[in-house]
Undergrad: 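Pasting a structure below so you can have a look.
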Amino acid sequence: MTGGIHHITLITRKVQANVDFYVGFLGLRLVKRTGGFEDATQLHLIYGDASGTPGSLITFLVWEDGSLGRVGYGQPSEVSFAIPTETIGFWLTRALQFNIAVTGPAQEFGETVLRLHDPDGAIIKLVGTDAVSPGDPWESDGISQTDAIMRLRGATILTEKPAETADFLSRYFSYESAGQSDTITRMVSSSGDCIDVRDATGFWSSAPGTGTVDHIAFRAADIAEVNATYEQMIAEGADATALHDRKYFHSIYVREPGGTLLEMATDGPGVLIDEPLETLGTELFVPPHFADETANVKIILPQFGLPKEPRFIYRDLPFVHRVYTPEPATGQAFILLHGSDGSETSLMPLAASIAPGATLFGLRGRSTEEGTARWFRRFGPLSFDQNDIRSEAEAFAAFIEGAVEAYGLDLQSTIFMGYSNGANLLAAMMQLHPGLVRNAILLRATKVLEETPEADLSGTHILSLTGDHDLFGAHAPALEADLRQAGANLTALSVPAGHETNQHDIDAVRSWLTEMETGRN
């Protein structure tokens with residue numbers, strides 16, 4: 001039995017803040033950046049020591065602007081890192097320099113502990129201890145190897161079944177009881193790390209989301225050990241999953257009696273399987289089974305910069321938004337409005353196919369319908385809340401004005417592109433707040449304003465694309481007539497498609513953009 005913790009996985013809401021904390025402040029090395037193995041469009045970051053040693057790894061699923069979770073029973077509540085005991089003063093000083101609030105030093109099980117929160121609110125402890133041996137400490141900016149985090153010290157699990165949780169850790173992962181303090185039982189592995197099992201009877205239940213721990217993974221020497229543990233679990237009634245190939249390790253998942261998700265993962269092949277030690281963590285990898293989607297995935301995944309690297313600085317504007325900056329960038333900008341049940345990234349692959357060098361601003365609609373994102377409320381397929389349309393159009397106009405100031409957008413050259421529900425809001429906003437949008441692409445748009453406002457759209461260039469067998473296409477001419485009546489320079493085309501978009505849309509948009517550019521020159 002190899003024993004001990006392999007990695008701990010949490011969920012973060014803002015990737016840049018997460019990187020700045022774990023790399024910039026804590027001084028961990030980013031050893032891997034990948035798309036998710038279940039969902040390639042979810043960024044997964046792995047931090048650890050200099051060589052990404054199992055036992056040093058903390059990983060994050062990136063739910064950019066995702067919902068907050070709730071810490072409660074059936075879930076880990078704290079993650080702790082081991083530091084040399086004599087470095088407590090160093091870390092207190094560093095926290096002050098980085099304006100990070102710290103409580104402590106305090107004593108827990110005879111060890112000196114500093115407690116702080118990461119940007120998502122997750123509790124992180126720095127524990128002065130000699131109970132674990134250093135792995136391969138990473139020397140980073142302002143942190144020497146002698147001051148650096150050594151490895152994971154452990155985690156705390158909240159459970160309403162503390163005895164059963166402790167027994168589960170003992171039976172399948174070889175942890176042994178090593179002490180009791182109030183409502184906490186400390187379980188220790190052969191590698192010296194610990195799981196504190198805390199009796200949370202009467203506490204509220206957990207809810208998954210940002211700022212919470214998703215699971216704890218324990219080490220296994222090889223696949224044979226994982227399979228043997230799996231067979232034992234199944235024979236004894238535990239509901240474990242079959243073996244997963246995660247490229248860097250093989251693993252199974254299981255929930256312990258108190259509800260916390262646990263994993264058993266092999267030490268190998270390890271994070272060095274596809275990157276050399278010198279450049280570890282610098283390349284973005286897409287899981288092999290999503291290889292056909294690599295180009296689109298790399299556009300959709302959120303971008304970030306390591307400390308001292310260039311990064312995009314987001315501003316607080318009325319709509320959640322994501323920015324993709326290509327390399328190299330041409331200076332052209334697209335603002336994208338998704339359709340119903342879309343997100344801020346939905347139109348990015350389409351826009352990148354149209355203009356590969358453009359900077360893309362994807363927005364997320366603020367209205368919801370049965371849990372799906374929209375731009376305004378509807379009462380039926382063709383019945384829309386007029387007040388909501390006007391309110392959201394006003395907010396969108398405010399976003400544009402804010403983006404001009406915050407991001408330096410040039411509205412004369414910026415292209416606005418909306419699809420379906422997003423195209424409907426874009427068209428409505430242009431009529432309600434004329435002059436802001438100068439170039440617009442409407443994909444599968446329909447008329448949604450019951451009263452056509454008086455608007456001067458002279459100097460506004462609009463391309464309207466309708467699918468020739470789109471069931472909603474019959475309602476596009478009324479909108480197009482309104483836009484022409486307002487003076488817009490409108491090109492209306494029908495493409496071989498239904499309500500979905502395809503290559504014909506890409507070709508038509510490219511041609512329109514070329515004609516506009518030629519006209520300007």
Side-chain angles (χ1 to χ4, degrees), residues 41 290 292-297 299-300 324 332 334-356 358 360-365 369 372-376 378 380-384 389 414-431 437 439-449 460-484 488-517:
T41 64
F290 291 114
D292 292 344
E293 296 296 319
T294 296
N296 288 344
V297 167
I299 293 168
I300 289 173
Y324 169 75
Q332 187 178 44
F334 273 65
I335 293 183
L336 309 173
L337 287 75
H338 62 79
S340 297
D341 199 21
S343 74
E344 59 270 31
T345 65
S346 297
L347 290 180
M348 283 186 169
L350 180 69
S353 296
I354 293 167
L360 309 179
F361 293 76
L363 278 61
R364 184 194 302 175
E369 182 177 300
T372 63
R374 286 179 50 82
W375 291 93
F376 51 83
R378 63 181 174 182
L382 292 171
S383 177
F384 308 104
I389 293 173
T414 298
I415 309 295
F416 291 76
M417 184 167 74
Y419 165 66
S420 190
N421 182 239
N424 296 341
L425 180 76
L426 176 55
M429 195 281 295
M430 286 192 291
Q431 296 173 84
V437 173
N439 311 288
I441 301 164
L442 305 177
L443 305 173
R444 315 298 186 265
T446 61
K447 179 180 173 70
V448 295
L449 287 174
T460 300
H461 300 269
I462 303 173
L463 172 65
S464 176
L465 295 179
T466 304
D468 62 6
H469 53 279
D470 180 4
L471 296 178
F472 293 96
H475 304 279
L479 171 63
E480 293 163 357
D482 286 347
L483 297 173
R484 284 197 177 98
N489 182 351
L490 176 73
T491 301
L493 300 175
S494 177
V495 295
H499 199 65
E500 78 287 348
T501 60
N502 58 30
Q503 185 63 42
H504 296 290
D505 294 279
I506 295 172
D507 294 339
V509 174
R510 284 175 177 168
S511 296
W512 180 74
L513 290 173
T514 300
E515 290 172 5
M516 281 212 309
E517 188 62 31

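Sequential numbering from 1 along the given sequence is applied to the chain's residues.
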Undergrad: Does D507 reach the main-chain N or O of H504 with its side chain, forming a donor-acceptor pair under 3.5 Å?
TA: no
Undergrad: Does G473 offer a backbone N or O that forms a donor-acceptor pair with the side chain of R444 under 3.5 Å?
TA: no
Undergrad: Taking atom CG of L426 and atom CG of L336, what is their separation to the nearest 0.5 Å?
TA: 10.5 Å
Undergrad: Tell me the closest heavy-atom pair linking A373 and G342, and the distance in Å.
TA: CB-O, 3.7 Å
Undergrad: Could you tell me the separation between the CG atom of L443 and the OG atom of S464, rounded to the nearest 0.5 Å?
TA: 8.5 Å
Undergrad: Which heavy atom in I506 sits nearest to a heavy atom in L350, and how many Å separate them?
TA: CG1-CD1, 3.5 Å
Undergrad: Is T372 close to S340 at the side-chain level, that is, under 4.5 Å between some pair of heavy atoms?
TA: no
Undergrad: For residues 415-422, dump all side-chain donor-acceptor pairs below 3.5 Å to protein atoms at least two apart in sequence or in another chain.
TA:
residue: Y419; atom: OH; partner: H499; partner atom: O; Å: 2.9
residue: S420; atom: OG; partner: H499; partner atom: NE2; Å: 2.8
residue: N421; atom: OD1; partner: W375; partner atom: N; Å: 2.7

Undergrad: Does any part of the side chain of E344, heavy atoms only, come nearer than 4.5 Å to the side chain of L360, both counted from C-beta?
TA: no
Undergrad: Which atom names give the shortest non-hydrogen contact between P496 and D468, and what distance separates them?
TA: CA-OD2, 3.4 Å
Undergrad: If you take all heavy atoms of G362 and M348, which pair is closest and at what distance?
TA: N-CE, 3.8 Å
Undergrad: Of the non-hydrogen atoms in P349 and I299, which two are nearest, and what is the gap between them?
TA: N-CG2, 4.3 Å
Undergrad: Report the residues that fulfil ring-ring contact (aromatic ring centres under 6.0 Å, His included) with F334, sequence neighbours left out, ordered by chain and then residue number.
TA: none
Undergrad: Keeping N439 on the side-chain end and T414 on the backbone end, is there a donor-acceptor pair under 3.5 Å?
TA: yes
Undergrad: Could you pull out the closest heavy-atom pair between G365 and H338, with the gap in Å?
TA: N-NE2, 2.9 Å
Undergrad: Check I389, L479, N424 against L449 for a side chain to side chain contact (heavy atoms under 4.5 Å, CB included) and give me the one that passes.
TA: I389
Undergrad: Say you draw a straight line from OG1 of T491 to CG of L465; how long is it, rounded to the nearest 0.5 Å?
TA: 9.5 Å
Undergrad: Counting distance only, does the side-chain N/O of R374 pair as donor-acceptor with the main-chain N or O of F376 below 3.5 Å?
TA: yes
Undergrad: Would you say L513 and M516 make side-chain contact, with heavy atoms under 4.5 Å?
TA: yes
Undergrad: Donor-acceptor check, side chain of H469 to backbone of A497, threshold 3.5 angstrom: yes or no?
TA: yes
Undergrad: Can you check whether L483 reaches Q431 side chain to side chain, under 4.5 Å on heavy atoms?
TA: yes
Undergrad: From D505 CG over to T466 OG1, what is the distance, rounded to the nearest 0.5 angstrom?
TA: 9.5 Å
Undergrad: Are the side chains of L493 and W512 in touch, meaning some heavy atoms are under 4.5 Å apart?
TA: no
Undergrad: Quick one: does any side-chain atom of N489 pair with a main-chain N or O of T460 as donor and acceptor, under 3.5 Å?
TA: no
Undergrad: May I ask you to check whether R364 and S343 show a side-chain donor-acceptor distance below 3.5 Å?
TA: no
